[in-house]
K.L.:
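The structure is given below, and queries will be raised subsequently.
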2 protein chains.
Amino acid sequence: MEYDQLKLENQLCFPVYAASRLIIREYQPFLDKLGITYPQYLVLMVLWETDEITVNEISGKLILNTNTVTPLLKRMEALGLIKRVRSNSDERKVLISLSDKGKKMREKAASIPLQLIEKINDESIDLNILMELKNTLNSLISLLDKPRKG
Amino acid sequence: MEYDQLKLENQLCFPVYAASRLIIREYQPFLDKLGITYPQYLVLMVLWETDEITVNEISGKLILNTNTVTPLLKRMEALGLIKRVRSNSDERKVLISLSDKGKKMREKAASIPLQLIEKINDESIDLNILMELKNTLNSLISLLDKPRKG
DNA sequence: AAAAAATATATCGCATGCGATATATTTTTT
DNA sequence: AAAAAATATATCGCATGCGATATATTTTTT
């Protein structure tokens, strides 16, 4: 029997998995300056776009389970980046909003995406190809994330 | 100032990160049957291709730090999937090789890649686009992994 | 209206994943 | 040859990430 399918180089998942970790490593020095982790940065990006949303909405946008997001948000609250308040209209919900510190961090973070692009683009890889990459991944994500939403 | 760069939808990293987790979730039911995790499956794939290699070589192929790989291998040894033996020629090295159980698992795993492809292809996304995706990610990986090697 | 189902968070346990650091061995430098 | 540097693993601590499960609240069913 042929086992070529089981070779690392023939896998689709491995490159996605490895690239994910490597790109996050590139973020590390910038995030270290802000004293936050990559998932915390993602939460902030969500809140900078839409402040005052529920735990569930955040976990939906980041495609993370609530049992990952709840402790993440608690750590962010402890860091003074966000506030967690039970909703009055629906006591099951917890509303997440930015603290002043969390709001101010937006300015410090503003330069990160461009610096990342420079870091990557600086060498060999065409930006258009990266845009295609993004599109394909987004198709894949909406395909695989369907079961959660449907 | 414009903050569009800080929107989730405009990021490259987030789709890679989310896709990685979602694809691994697709593997989960198949790996559960074998009683292994995704990183463990990766180690096995490396060993099925080249048995008897060092911890360092495995961590290099998987682009993981040794402080991730060492405990991973210890768990795999506890599961009876691999053997860990100090090298005689160089006492710093630890040689990792497959146990009978680890070797036999190859047959059970042989059908996984195809099943995954069917699961994804079954709907809407062209396989050629996925091959391009793989190529772009591999370029990105060799770019970002350079500092480790160079 | 009471019971059942659904929804929203949260807790627990375990496996990564990694920065910082330690230890043993080998190689290189002086 | 002794000292210094490099190499290969390993340990520690902390932050995810998730399956299983618990709890409180709201909505739906009967």
Side-chain angles (χ1 to χ4, degrees), chain A residues 14 17-29 31-33 35-43 53-60 62-79 81 84-96 145 147-149, chain B residues 14 17-29 31-33 35-43 53-60 62-79 81 84-96 145 147-149:
Chain A
F14 176 68
Y17 162 78
S20 171
R21 287 184 293 97
L22 288 172
I23 301 177
I24 291 173
R25 280 185 199 171
E26 296 297 316
Y27 274 92
Q28 211 57 60
L31 297 178
D32 282 350
K33 283 182 198 162
I36 57 177
T37 65
Y38 183 71
Q40 289 170 7
Y41 173 64
L42 291 179
V43 170
I53 59 177
T54 67
V55 173
N56 225 19
E57 285 167 325
I58 291 174
S59 81
L62 301 184
I63 319 181
L64 287 165
N65 297 325
T66 55
N67 56 358
T68 296
V69 174
T70 295
L72 177 59
L73 292 173
K74 282 188 164 183
R75 283 187 291 268
M76 292 181 75
E77 187 186 35
L79 288 170
L81 293 169
R84 295 163 66 245
V85 182
R86 282 264 160 202
S87 163
N88 281 331
S89 59
D90 185 340
E91 291 271 338
R92 291 172 304 180
K93 296 181 179 173
V94 171
L95 291 170
I96 307 298
D145 191 30
R148 286 171 52 91
K149 289 174 180 164
Chain B
F14 176 68
Y17 162 78
S20 171
R21 289 184 292 97
L22 287 172
I23 300 176
I24 291 173
R25 280 185 201 173
E26 297 297 317
Y27 274 92
Q28 211 56 61
L31 298 178
D32 282 350
K33 283 182 197 161
I36 58 177
T37 66
Y38 183 71
Q40 289 171 7
Y41 173 63
L42 291 179
V43 171
I53 59 178
T54 66
V55 173
N56 227 18
E57 285 166 323
I58 292 174
S59 81
L62 301 184
I63 320 180
L64 287 165
N65 297 325
T66 56
N67 56 358
T68 296
V69 174
T70 295
L72 177 59
L73 293 173
K74 284 190 164 183
R75 283 187 291 268
M76 291 180 75
E77 187 186 35
L79 289 170
L81 294 168
R84 295 163 65 245
V85 181
R86 281 262 160 207
S87 163
N88 282 330
S89 59
D90 186 339
E91 292 270 340
R92 292 171 303 179
K93 295 181 181 176
V94 171
L95 290 170
I96 306 299
D145 191 31
R148 286 172 52 92
K149 289 173 183 165

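Every chain is numbered from 1 and lettered A, B, ... according to where its sequence line falls, protein lines coming before strand lines.
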K.L.:
Look at Y17(A) and dG17(C) and indicate whether a side-chain polar atom (N or O) is within less than 4.0 Å of OP1 or OP2.
P.N.:
yes

K.L.:
Yes or no on side-chain contact (heavy atoms from CB on, under 4.5 Å) for F14(B) and L62(A), after CA distance, side-chain angles and deciding distance?
P.N.:
CA-CA 8 Å; F14(B) 176 68; L62(A) 301 184; 4.1 Å; yes

K.L.:
Counting C-beta onward and ignoring hydrogens, is there a side-chain heavy-atom pair between T54(B) and I96(B) closer than 4.5 Å?
P.N.:
no

K.L.:
Would you say CG of D32(B) has more than 12 non-hydrogen atoms from neighbouring residues, nucleotides or ligands within 6.0 angstrom?
P.N.:
yes

K.L.:
Classify every nucleotide of nucleotides 5-12 of chain C by which part a protein heavy atom approaches to under 4.0 Å, writing B for the base, S for the sugar-phosphate alone and - for neither, in 5'-to-3' order.
P.N.:
-BBSBSB-

K.L.:
Would you say S59(B)'s side chain and N56(B)'s backbone share a donor-acceptor pair under 3.5 angstrom?
P.N.:
yes

K.L.:
Report the distance from atom CG of N65(A) to atom P of dT16(C), rounded to the nearest whole Å.
P.N.:
17 Å

K.L.:
Round to a whole Å and report the spacing from CD of E26(B) to P of dC18(D).
P.N.:
13 Å

K.L.:
Please check if the side chain of D90(A) supplies one atom and the backbone of R92(A) the other of a donor-acceptor pair under 3.5 Å.
P.N.:
yes

K.L.:
Tell me whether the side-chain N/O atoms of R75(A) come closer than 4.0 Å to OP1 or OP2 in dT16(D).
P.N.:
yes

K.L.:
Going by side-chain contact (heavy atoms from CB on, under 4.5 Å), L73(A) matches just one of T66(A), T68(A), V55(A). Which one?
P.N.:
V55(A)

K.L.:
In whole angstrom, what separates I36(A)'s CD1 from dT16(D)'s P?
P.N.:
10 Å

K.L.:
Could you state the CZ-P distance from F14(B) to dG17(D), rounded to the nearest angstrom?
P.N.:
11 Å

K.L.:
Looking at CD of Q40(B) and CG of L31(B), how far apart are the two atoms once the value is rounded to the nearest 0.5 Å?
P.N.:
9.0 Å

K.L.:
Just to verify, which of L64(A), L72(A), I53(A) counts as forming a side-chain contact (heavy atoms from CB on, under 4.5 Å) with I58(A)?
P.N.:
I53(A)

K.L.:
Heavy atoms only, 4.0 Å cut-off, all strands: where does Q28(A) land among base, sugar-phosphate and nothing?
P.N.:
nothing

K.L.:
From C-beta outward on E91(B), which listed nucleotide comes closest to its side chain: dC18(C), dT25(C), dC18(D)?
P.N.:
dT25(C)

K.L.:
Within the 4.0 Å heavy-atom criterion, would you say R21(A) contacts the bases, only the backbone, or no part of the nucleic acid?
P.N.:
sugar-phosphate

K.L.:
How many whole angstroms separate atom CG of L42(B) from atom P of dA15(C)?
P.N.:
17 Å

K.L.:
Give the rounded distance in Å between these two atoms: CG of L62(B) and P of dG17(C).
P.N.:
9 Å

K.L.:
What integer distance in Å separates I24(A):CD1 from dG19(C):C1'?
P.N.:
15 Å

K.L.:
Starting at the 5' end of DNA chain D, what dot-bracket string do you get if Watson-Crick and G-U pairs under 3.5 Å are bracketed, crossing pairs use [ ], other-strand pairs use | and unpaired bases use dots?
P.N.:
||||||||||||||||||||||||||||||

K.L.:
Rounded off to whole Å, could you give me the CG-to-C1' distance for the L22(B) and dG17(D) pair?
P.N.:
12 Å

K.L.:
Any side-chain heavy atom of V43(A) sitting closer than 4.5 Å to one from P39(A)?
P.N.:
no

